[in-house]
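Working notes for the structure below.
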Amino acid sequence: MSTKPVAVSDKSGKSDKPTPSANNSSNKAPPKRGLWDKLKDVVDPDRALQASMAALIEATAVKHVLGVHKEQWAPGKPLKLILAGHVGTRNTGADVRVEEMIRQIRHVVGDDRLQLAIMTSNQKLSSGYFRTVEQLEFPQVFPRFLYDECPRHHGVVACEGSMFKSKFASALTTMMAGAMGMAVAERKLAVGYGAEAGAMTPSLKQFVADVCKGSLVLCRNEPSRVVLAELGIRTTSGADTAWTFDPSPLPRGAQLLRDAGWDGRKKVLVVCPINPFWWPVKPDLLKAAAHTFGGQFKNEHYKSVYFHHHSEKADRQYDTYLQALADAINNFAREQDIFTILVGMEQLDRHACEHLNPRLDTEAPLFISDTHQMYDLVSVLRNCNMMISSRFHAVVTSMPGLVPSIGVTMDERIRNLMNDRGHPDMFFEVDEKDLADKLLVTMRRVHRDADVISAEIGKAVPQQLRLMGQMGLDFMDEVVRVYPEFPRKELPRTWEAHLPPLPPVVQRLLDDHG
């Protein structure tokens with residue numbers, strides 16, 4: 001399925017061009033660069049990682065030409081697929097979308113014709129999820145792992161939503177694009193599933209363009225197709241896969257809220273904060289050495305050789321963001337008798353929740369993914385009456401429950417979603433001027449027009465389901481294109497037939513508005 005790409009502009013009207021200032025002068029000497037900066041220019045771990053990955057993909061291609069294969073599909077064999085993504089970090093959104101991706105792939109291919117494995121960064125944190133799928137723990141420095149593991153399968157499915165972008169970590173895109181490149185090198189199945197593409201560093205953009213030609217990327221919005229078309233990569237229209245997720249029953253979420261102090265009557269406001277300003281995460285070998293041997297950079301250390309962005313400006317921006325959220329929540333709570341909760345959709349969000357909470361007039365109970373599994377956490381979200389979220393999947397997973405949501409976004413994901421659902425006035429940027437005042441005005445509107453907004457959300461969900469169903473059909477077409485002898489499951493060529501079995505609440509929305 002192909003639709004005309006539509007570019008989405010930043011509604012704030014902000015320009016990336018520098019603003020002229022009386023203090024700027026063309027004669028002003030550039031700031032002096034210290035030894036640290038010069039060393040980092042020489043030792044650029046992101047570029048080194050991309051070069052290492054590219055070299056191993058080339059080695060895999062040479063082996064293919066020479067006929068050296070670890071595994072080739074043949075009629076009668078199950079299709080062995082490895083899923084490459086961001087699981088094992090207790091990121092609720094990543095885990096939910098992969099759970100549904102697995103259900104859809106099993107449905108359209110046939111469970112008896114599949115053998116699935118998934119890469120995880122921590123088997124303890126992903127245990128209990130993705131039942132019957134083999135979990136393979138991969139190292140933080142992953143090129144050799146991909147070189148060894150990908151050829152043992154008949155195809156690679158990249159499954160992280162933020163698939164092609166540098167906003168969070170170029171290394172993550174390098175891993176997923178590298179896994180797809182391994183499959184392309186062996187002329188095997190290489191698919192990006194429900195992907196988003198955004199701004200990438202020049203070296204990462206070139207790496208993706210070089211290694212992903214020959215793959216197919218099923219994009220969850222049209223702006224992502226525009227980005228990838230410029231790199232010469234085949235795409236089709238798709239959607240995120242979290243729309244069909246079936247959480248714990250609503251009474252389970254309600255009980256968790258009661259256990260946290262809810263009286264069962266007050267309207268519940270859920271806020272999902274993040275730290276938008278400590279991204280991207282980058283590998284830094286010099287910082288890693290200083291951290292290991294001298295204990296430095298403790299606050300910005302992510303894991304292994306990876307570190308969050310840190311600067312005095314970022315700290316000020318983070319403080320302003322948190323205070324804007326707090327001011328809007330406090331002012332709204334003075335007008336309405338509400339019960340406020342803070343939800344951390346990823347375990348990293350505990351920091352943001354704990355930093356926001358003391359700024360509230362009444363401290364809120366915390367629901368964080370490090371102590372609540374994804375089924376319960378989404379059930380909690382769907383018991384709420386209003387949401388303010390900087391997490392994309394908090395918005396997505398609450399929408400089938402018709403929870404009115406306001407976005408405060410750090411990138412294009414929530415922006416694209418709100419525009420797609422017809423609410424371009426219900427999101428703001430994390431650094432937006434007068435954010436607290438704008439949030440308060442929108443919260444009042446959501447409180448006043450909740451039923452209307454919920455009805456509009458209900459109409460938007462079936463469109464996403466149509467795209468998701470078409471994505472399943474396009475995926476099966478790609479399997480058969482790569483492996484013409486693969487036995488296709490007998491399903492009607494309709495998007496409905498290529499959706500996984502739907503939970504009752506989602507089926508009702510489709511029946512009412514499909």
Side-chain angles (χ1 to χ4, degrees), residues 1 73 75-85 87 93-118 128-135 153-161 189-195 216-220 236-247 374-375 378 393 396-397 400 461-511 514:
M1 177 179 181
W73 182 81
K77 283 187 175 183
L79 185 66
K80 294 175 63 176
L81 300 179
I82 184 169
L83 281 66
V87 305
D95 293 339
V96 163
R97 60 174 270 121
V98 170
E99 182 78 10
E100 293 309 288
M101 188 183 308
I102 290 168
R103 283 210 310 126
Q104 185 173 27
I105 290 174
R106 281 176 167 161
H107 172 69
V108 301
V109 177
D111 202 24
D112 58 335
R113 299 168 181 167
L114 273 175
Q115 186 175 329
L116 298 177
I118 189 166
Y129 292 174
F130 324 125
R131 297 176 185 89
T132 75
V133 177
E134 182 185 7
Q135 297 197 18
H153 297 80
H154 306 133
V156 169
V157 180
C159 51
E160 169 62 18
L189 184 73
V191 174
Y193 211 97
L216 173 67
V217 181
L218 312 172
C219 294
R220 69 184 179 192
T236 65
S237 296
D240 197 83
T241 52
W243 301 100
T244 55
F245 182 67
D246 192 13
M374 60 182 178
Y375 299 98
V378 175
H393 278 104
V396 170
T397 56
V461 172
Q463 173 60 22
Q464 297 297 328
L465 294 174
R466 281 191 285 273
L467 290 168
M468 183 177 166
Q470 182 62 42
M471 188 164 64
L473 180 54
D474 292 339
F475 176 79
M476 196 62 225
D477 283 347
E478 183 70 359
V479 170
V480 175
R481 185 190 74 82
V482 176
Y483 299 117
E485 295 179 274
F486 190 85
R488 187 170 196 138
K489 188 176 177 180
E490 293 185 7
L491 291 173
R493 284 193 63 84
T494 63
W495 62 264
E496 297 99 329
H498 288 77
L499 286 170
L502 299 180
V505 65
V506 177
Q507 185 64 59
R508 281 196 297 272
L509 290 176
L510 190 57
D511 292 341

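This one's a predicted model, so the numbers in the text were calculated from it and none came from an experiment.
Distance CG/Leu79 to CD/Gln115: 9.5 Å, rounded to 0.5 Å. Taking CD of Glu134 as the reference point, atom CG of Leu83 lies at 12.0 Å (rounded to 0.5 Å). Rounding to the nearest 0.5 Å places CD of Glu478 at 6.0 Å from CG of Leu189. Interatomic distance, Lys489 NZ to Asp112 CG, rounded to the nearest 0.5 Å: 8.0 Å. Glu100 CD to Phe245 CZ: the interatomic distance, rounded to the nearest 0.5 Å, is 6.5 Å. Asp474 contributes atom CG, which lies 9.0 Å from atom OH of Tyr193 (distance to the nearest 0.5 angstrom).
Side-chain contact between Val133 and Arg106 is present, with heavy atoms from C-beta onward closer than 4.5 Å. When side chains are defined from C-beta on, Met468 counts as touching Leu499, because their heavy atoms get closer than 4.5 Å. With contacts defined as side-chain heavy-atom distances shorter than 4.5 Å, the pair Arg488/Met476 qualifies. A heavy-atom distance below 4.5 Å is not found between the side chains of Phe475 and Leu216. Within the 4.5 Å cutoff, the side chain of Val191 has no heavy atoms near those of the Leu81 side chain. A heavy-atom distance below 4.5 Å is found between the side chains of Leu465 and Thr244. Between Gln464 and Asp240, every side-chain heavy-atom pair lies at or beyond the 4.5 Å cut-off.
A donor-acceptor distance shorter than 3.5 angstrom exists from the side chain of Gln135 to the backbone of Tyr129, with no hydrogens or angles considered. Judged by distance alone, the side chain of Arg97 and the main-chain N or O of His393 form no donor-acceptor pair under 3.5 Å. Distance alone, capped at 3.5 Å, is enough to place a donor-acceptor pair between the Glu99 side chain and the Phe130 backbone. The backbone N or O of Gln104 lies less than 3.5 Å from no partner atom in the side chain of His498, so there is not a single donor-acceptor pair.
The two residues Ser237 and Leu467 have their closest heavy-atom pair at CB-CD2, 4.2 Å. Here the closest heavy-atom approach between residue Thr397 and residue Ala242 is recorded as CG2-CB, 4.2 Å. Shown here for Pro492 and Ala497, the closest heavy-atom pair between the two residues is O-CB, 3.5 Å. When all heavy atoms of His153 and Ala117 are compared, the closest pair comes out as NE2-CB, 3.9 Å. Counting all heavy atoms, side chain and backbone alike, Pro400 lies closest to Trp243 at CG-O, 3.9 Å.
Under 4.0 Å is where a charged nitrogen must lie from a carboxylate oxygen, and between Asp111 and Arg103 no such pair does.
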Practice task
Run the numbers on Leu473 and Val108 for side-chain contact (heavy atoms from CB on, under 4.5 Å), then give the verdict.
Solution key: CA-CA 7 Å; Leu473 180 54; Val108 301; over 6 Å; no

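Of the candidates Arg481, His154, Lys77, Arg113, Arg113 is the only one forming a side chain to side chain contact (heavy atoms under 4.5 Å, CB included) with Phe486.
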